[in-house]
Amino acid sequence: METVRLGLERTVVGRRVTGVSVTGTRTVRRQSRFELRSRLTGRRIEAARRKGKFLALLLDDSQVLSIHLRMSGQLLHVTEPGKVAKAPHTHVIARLDDGSELRFVDPRTFGEWWVTADVRADGLPAVFDRLGPDPLNDGIPPKLLAARLAGHRSALKAALTDQRVVAGIGNLYADEICWRAAVRPDRRCDDLAPDELRRLSRSTMAVLKAAVEQRGSSLRDARYRDLMGNAGSYQARHEVYDRAGEPCSRCGEPVQKVRFGARTAYCCESCQH
DNA sequence: AGCATCACCTGGCTGC
DNA sequence: TGCAGCCAGGTGATGC
């Protein structure tokens with residue numbers, strides 16, 4: 001999401017929206033399509049912000065266009081719309097005053113666009129308040145991480161991916177963070193030693209920063225691409241995610257895919273404790 | 001209140 | 001080879 005935000009900053013910030021087409025029936029669901037279109041049309045995009053996995057495009061009249069890609073959403077910036085065919089599952093197109101388009105493609109239709117005026121002093125929508133601190137924006141020092149995990153009896157991975165606890169960590173990055181910290185993802189939050197919390201704090205920052213430097217992770221069966229349609233390259237650095245059976249780079253034992261509630265986690269049961 | 005599970009979807013992959 | 005069915009994962013609703 002940070003890679004997408006950086007792309008938005010380079011391409012659509014400073015542009016004015018000249019028109020909006022909403023063709024999908026699910027992408028805009030917090031308000032009517034008509035309302036989104038009328039709130040957005042004519043507005044200039046002043047800034048591209050992000051909290052966790054939520055994007056916020058700040059508009060010139062203090063409204064905000066919030067976008068969440070969920071599982072399969074993709075934002076594409078098309079500079080010459082006439083030359084680029086509309087991809088299947090294109091649900092929203094925003095036309096901009098330089099002739100370019102911001103297109104939203106989302107096969108599974110979980111993704112969402114909405115425009116609100118209920119913004120806080122920092123310019124972000126009030127609904128973002130329920131999100132925990134964003135490590136890339138605000139850092140996550142050991143004391144803060146410990147405070148965020150305090151009182152939780154659930155498993156570490158469940159808390160790390162709970163956006164109210166910490167914002168921005170998804171399934172694959174949670175696995176990578178736990179591996180790097182050498183802590184099992186199914187450890188209880190209230191059972192972590194100070195040194196383990198320090199390692200988790202450092203690992204969170206290291207994994208997220210490296211992932212952004214590599215412009216994200218593009219998986220076999222997912223469709224993450226940046227605004228230009230380019231794949232990320234962090235998947236080549238994954239130590240455990242989707243690497244079941246391959247030797248752990250730290251201890252050589254095979255990486256495991258373990259059942260974990262209704263989901264799965266990849267980890268090294270030999271060197272994560 | 002807090003934790004677990006399910007629903008929402010489609011496409012790619014697995015296994016018969 | 002064909003195809004039915006499983007699985008992927010983020011969030012919000014529902015259940016316990």
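A note on names: the letters A, B, ... follow the listed sequences, proteins ahead of strands, and every chain is numbered from 1. As the structure is a prediction and not an experimental result, all values here were calculated from the model. What's counted below: heavy atoms across the whole structure, side chains too, no hydrogens, waters or symmetry copies.
When the C1' atom is used for both dG12(B) and dT11(C), the distance is 23 Å, rounded to whole Å. Distance noted for atom P between dC9(B) and dC3(C): 26 Å (whole Å). Rounded to whole Å, the P atom of dT1(C) lies 23 Å from the corresponding atom of dG11(B).
For the pair Tyr266(A) OH and dC7(C) C1', the interatomic distance rounds to 10 Å; values are reported in whole Å. Put simply, CD1 on Ile67(A) is 18 Å from P on dG10(C), counting in whole angstrom units. In this entry the distance linking CG of Leu149(A) with P of dC3(B) reads 11 Å, nearest Å. To the nearest angstrom, C1' of dG12(C) lies 10 Å from CD of Glu112(A). Between Trp114(A) atom CH2 and dT11(C) atom C1' the separation is 11 Å, expressed in whole Å. Here the C1' atom of nucleotide dC3(B) and the CG atom of Asp190(A) are 13 Å apart, to the nearest Å. Rounded to whole Å, the distance from CZ on Arg29(A) to P on dT11(C) is 12 Å. Atom-to-atom, CG of Asp106(A) to P of dG10(C) comes out at 14 Å; the value is rounded to the nearest Å.
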Which pairs, protein N/O on one side and nucleotides 13-16 of chain C N/O on the other, fall under 3.5 Å?
none

N/O-N/O pairs, protein side and nucleotides 7-9 of chain B side, under 3.5 Å:
residue	atom	partner	partner atom	Å
dC8(B)	O3'	Arg26(A)	NH1	3.4
dC9(B)	OP1	Arg26(A)	NH1	2.9
dC9(B)	O2	Arg108(A)	NE	2.5
dC9(B)	O2	Arg108(A)	NH2	3.2
dC9(B)	N3	Arg108(A)	NH2	3.4

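Among residues at least two apart or in separate chains, there is no side chain to side chain donor-acceptor pair (under 3.5 Å) pair with a member in residues 139-153 of chain A. Residue pairs meeting the side chain to side chain donor-acceptor pair (under 3.5 Å) criterion with at least one partner in residues 226-237 of chain A, sequence neighbours excluded, are Gln214(A)-Ser233(A), Arg215(A)-Asp226(A).
Nearest to the side-chain atoms of His89(A) among the listed nucleotides dA4(B), dG11(B), dT11(C) stands dG11(B). Relative to the side chain of Thr264(A), the nucleotides dC3(B), dG12(C), dA8(C) differ in distance, and dA8(C) lies closest. Closest to the side chain of Lys257(A), from the set dA8(C), dC3(B), dT11(C), is dA8(C). The side chain of Arg130(A) sits closest to dG12(C) out of dT11(C), dC3(B), dG12(C).
Nearest heavy atom pair, residue Glu196(A) against residue His273(A), reads OE2-O, 4.3 Å. The minimum heavy-atom distance linking Pro107(A) with His89(A) is given by the pair CA-CG, 3.6 Å. Nearest heavy atom pair, residue Arg103(A) against residue Ala85(A), reads NH1-O, 3.3 Å. Among all heavy-atom pairs drawn from Lys257(A) and Thr264(A), the shortest one is CE-CG2, 3.7 Å.
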Open item on the list: Let me check I have this right: for DNA chain C, each base becomes ., (, ), [, ] or |, based on Watson-Crick or G-U pairs with both distances under 3.5 Å. What is the full string?
Closed with: .|||||||.|||||||

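Separation of atoms CZ (Arg44(A)) and CG (Leu59(A)) is listed at 11.0 Å; rounding is to 0.5 Å. In this structure, CG on Leu57(A) lies 11.0 Å from CD on Glu46(A), to the nearest 0.5 angstrom. Going from atom CZ of Phe54(A) over to atom CE of Met1(A) covers 9.0 Å, rounded to the nearest 0.5 Å.
Listed by residue number, the members of residues 163-176 of chain A with any heavy atom below 4.0 angstrom from DNA chain C are Gln163(A), Gly170(A), Asn171(A).
A side-chain donor-acceptor contact under 3.5 Å links Asp106(A) to the backbone of Gly111(A).
Between Thr25(A) and Arg33(A) there is a side-chain heavy-atom pair separated by less than 4.5 Å. Residues Glu239(A) and Asp175(A) form no side-chain contact, since every pair of their non-hydrogen atoms from C-beta on lies 4.5 Å or further apart. In this structure, the side chains of Val183(A) and Arg199(A) come closer than 4.5 Å at one or more pairs of heavy atoms. Between Trp114(A) and Val28(A) the shortest side-chain heavy-atom distance does not fall below 4.5 Å.
Side-chain N/O atoms of His152(A) include one lying less than 4.0 angstrom from OP1 or OP2 on dC3(B).
Annotation for Arg164(A): atom CZ does not count as buried by contact number, only 12 or fewer foreign heavy atoms lying within 6.0 Å.
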